[in-house]
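All residue numbers refer to positions in the sequence shown, counting from 1.
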Amino acid sequence: MATPIYFGVRHLSPAAAHHVRLELERVQPDVVLIEGPSDLNHQMQWIYHEQTVLPIAILAYTQESPIRTLLYPFAVYSPEYQAILWAKEHHVPCRFMDLPSDVFLAIWEETEENDGETDGENVEETGTTTEQVYQRMEELLGESHDTFWERNFEQLDKEYMQAAAAFGQQLRQTATDSPYRTAENHIREAYMKRVIVQAQKEGFETVFCVCGAYHVEGLQNNVPLTDAEEKQLPRVQVNTTLMPYSYYRLSQRSGYGAGNQAPAYFELLWDAMCDGKLEQATYRYLTEIAIQQRKQGQMTSSAEVIEASRLAIALSKMRLGRFPVLQDLRDAAITCMGHGNFSEISVSTAQVEVGTKIGALPEGVSRTSIQDDFYRQIKELRLEKYKSVQVQQLHLDIRENIRVKSEKSAFLDLHRSFFLHRLRVLHVNFGTQMQSRQTNANWGEYWNVCWVPETEIEIIEASLLGDTVASAASFALKEKADQSSDIAQAAEVFQDAFLCGIPQAAKYALSILQKISIDTAAVAEVAKTAEHLSSVIRYGDLRQFASKPIIPLLEQLFLRACLTMEEGCNCDEEASKAVMESIERINQVQLHHDFLDENRWIDVLQSIADRDDLNTKCSGFAMATLIERGLVDEAFLSMEVSRRLSRGVPADLAAGWFEGLAKKNRYSLIVRLSLWKELDTYLQELDENDFKRALVFLRRAFADFTANEKSDIAENLGEIWGVEPEQAADVLMRPTTEQEDEFLQGLDDFDFDDI
């Protein structure tokens, strides 16, 4: 019986892929075994399918929460993929030989629970981890271990298999992982040896094994797992699927310990190897950088490309390389094309090194039902062009489009909105809703849409909740409603159900909300709840939702807010922000609905604004709200400012009132000259200690003002002081002097114990 051939590779290595194919052509094996979960052989037909576009990944995931996943990505330059492709082209049987995914995930769960506790300390005492070996290499070589690999292995003409095996052997002998990780590797290698022996028993004479270089020595010297040992392996229930992947995602993970930060560059390297002209990779990389620069309007000449090529080659020779590696090329590009600044070519570099390539799978690939529903809706809602790793903007008009004939087309954007909101509820990152650009309209939605491989994983995780996107979202909303501990949370679930277009879930959340609302709730919860219900009532017709039954509940909450808001303003500084937000929410709710008693709410605002025994910031904010409603004339405001900003009022209370007043409608305040006269008079009448106190709080009050607003105030003060407005603005807006800085610094040491 012939000895198996063990070809050690670095996963996602173009050179490994190139030399694997050369060795397969030379050996012409009877069977090819690949390091990969052995229960995923049924997915192999889709990996080499003619309609499959790489990169793709096999995904295995547990059936019970919390979801644990095993991801196995392939790029065109993956040695495993090229071995599978060669076997398909030559009609040679090909199989995965590693632990089944259900065992993998069960072992990983145990390893992660036990790894890194006391065992990590033992490793440091008795040996060196793989990460420490790489770190020491980088210290000695002065470059990353990824660059070391590319310079010494990716450019080998011959002897790649022997060199990779020697590297894996030395790494194995030098590095010491934790006992759990070491045991995991021993089990994996014993299982792989079992599959190899089984293939030999089946009559395959020449067995060709593609595995990580680290495992070559283990497979050469170990014994196979026995039947009894195989039966004792832990297992969990799993599902498997194939999913599109992206170069961006490959660049973010260092799969299997192999760096792959530049997948587009590695494909460029692979193409050059296939053409038998590895030296061409230098010119292709730098030319692509120049092309991208020109696309962005940056002038990059042919002379700069030529100089960059010469510099890259020179750097490679200085560093004892055969051809320039990525680090040499990037250094040369920065120097000659970025004029010494990486920022000038950073966008182009990302395009050439990482790229935006995304994989695709043929129809009929085995998926979960929720995946099928997701892709069906992507197609029906004409969102296929948004399935890209690049963020794209999607503007929705949820009104009925009367210019089209079919009802489906008339409400296309509304159903897009339902779909995107359902994904949002399921925490599937496909669309992110942006702030509305409308002020007096409610029919527009703005989304940033982007597909990433995590999207697919999140959809699969949602399969535990339902078979379709809608049913999973409905279940998620019901669970969230059941977990609601206050009316604000229940109202948020209700609004989400409304936005998702799931009336059953909305009805359920509303029933929870009504039950909770019987108990007394804090004014902040009441205000948030009223805001959610108001939104549903306002947009109900647009979203084909019957909102009339909600009106009595909103009226009840509005009345409760009117009865409790004044008492809520009797709060400390920390709570004042939430109370002011509640005032603003209830004020907006009343403005949006004529059926809510306006006079009752105005009476509440006037009472809060008049009282001296409440939090002064809340009183000031109530006054600002009345001003915004046009219910305060200049004479009354001047009198109120004079009352609030007087020497008899402590500085923190006076400045707090002014801070609340300035929280909104600032333009209306700025144009009222009487207000600034009163403020000026107040400050001039203070003694030194009181002035320092007032200054601390007034600085906070003005902290949120924009530069233009401060300039307008300075012009007002210039008019009050009898100087040119521009002169006052220049004095007040200029940087502080050293003496003024010392004064402000002294405020930090001021005694505020009595405040």
Side-chain angles (χ1 to χ4, degrees), residues 5-25 27 29 31-60 70-98 101 153-154 160-161 164 192 208-213 215 240-251 253-260 262-275 355 357-362 365-366 453:
I5 299 170
Y6 299 106
F7 198 114
V9 302
R10 194 180 205 228
H11 305 280
L12 297 167
S13 162
H18 178 66
H19 288 286
V20 158
R21 287 201 69 111
L22 292 179
E23 188 66 11
L24 284 167
E25 282 293 335
V27 174
V31 64
V32 178
L33 301 180
I34 309 289
E35 180 186 323
S38 55
D39 60 329
L40 301 183
N41 287 323
H42 63 286
Q43 298 287 3
M44 209 172 281
Q45 60 174 318
W46 300 113
I47 295 174
Y48 55 68
H49 195 281
E50 60 181 7
Q51 293 181 10
T52 297
V53 178
L54 273 67
I56 59 172
I58 294 177
L59 176 68
L70 169 64
L71 201 62
Y72 199 91
F74 295 93
V76 68
Y77 52 83
S78 297
E80 297 88 350
Y81 171 72
Q82 289 300 327
I84 292 171
L85 200 60
W86 182 92
K88 168 66 168 53
E89 293 167 353
H90 292 76
H91 307 289
V92 172
C94 186
R95 305 169 184 172
F96 290 123
M97 63 174 176
D98 209 340
S101 59
F153 292 86
E154 294 295 330
Y160 177 92
M161 187 167 70
M192 285 191 275
F208 192 98
C209 305
V210 180
C211 62
H215 297 297
T240 61
T241 186
L242 213 58
M243 59 180 282
Y245 215 60
S246 71
Y247 274 178
Y248 174 76
R249 180 55 177 158
L250 277 177
S251 71
R253 60 180 276 121
S254 57
Y256 317 99
N260 198 65
Y265 165 75
F266 285 131
E267 183 176 353
L268 180 152
L269 205 60
W270 164 254
D271 291 338
M273 289 178 184
C274 291
D275 293 340
K357 193 168 186 178
I358 191 169
L361 292 166
V365 175
S366 175

Hey, could you give me the [atom1]/[atom2] distance between [X] and [Y], rounded to the nearest 0.5 Å?
X      : Y      : atom1 : atom2 : result
Ser251 : Phe266 : OG    : CZ    : 11.0 Å
His19  : Phe153 : NE2   : CZ    : 11.5 Å
Leu24  : His90  : CG    : NE2   : 8.5 Å

Residue pair [X] / [Y]: nearest heavy atoms and the distance that separates them:
X      : Y      : result
Ala264 : Gly355 : CB-N, 3.9 Å
Ala213 : Ala164 : CB-O, 3.3 Å
Ala360 : Ile56  : O-CG2, 4.2 Å
Cys211 : Met97  : CB-CE, 4.0 Å
Pro14  : Glu154 : CD-OE1, 3.4 Å
Leu59  : Leu71  : CD1-CD1, 3.6 Å

Side-chain contact, heavy-atom cut-off 4.5 Å: [X] with [Y]?
X      : Y      : answer
Ser101 : Thr240 : yes
Pro37  : Ile58  : no
Gln43  : Phe96  : no
Leu33  : Met192 : no
Lys357 : Pro55  : yes
Glu89  : Arg21  : yes
Lys88  : Ile47  : no
Leu54  : Tyr81  : yes

Taking [X] for the side chain and [Y] for the main chain, is one N or O donor matched with an acceptor at less than 3.5 Å?
X      : Y      : value
Thr52  : Trp46  : yes
Asp271 : Leu268 : no
Ser13  : Ala16  : yes

Check your understanding: How far apart are the C-alpha atoms of Val92 and Phe208, what are their side-chain angles, what is the distance that settles it, and do they pass the side chain to side chain contact (heavy atoms under 4.5 Å, CB included) test?
Key -> CA-CA 11 Å; Val92 172; Phe208 192 98; over 6 Å; no

Practice item. Report the relative orientation of the aromatic rings in Tyr247 and Tyr77; use parallel for angles under 30°, tilted for 30 to 60°, perpendicular for over 60°. Key: tilted

Point to revise | Step-by-step side-chain hydrogen bond (donor to acceptor under 3.5 Å, both in side chains) determination, Gln82 to His18 | key: CA-CA 8 Å; Gln82 289 300 327; His18 178 66; over 6 Å; no

Practice item. Go through the steps to decide whether Tyr160 and Phe7 satisfy the test side chain to side chain contact (heavy atoms under 4.5 Å, CB included), and finish with yes or no. Key: CA-CA 9 Å; Tyr160 177 92; Phe7 198 114; 3.8 Å; yes

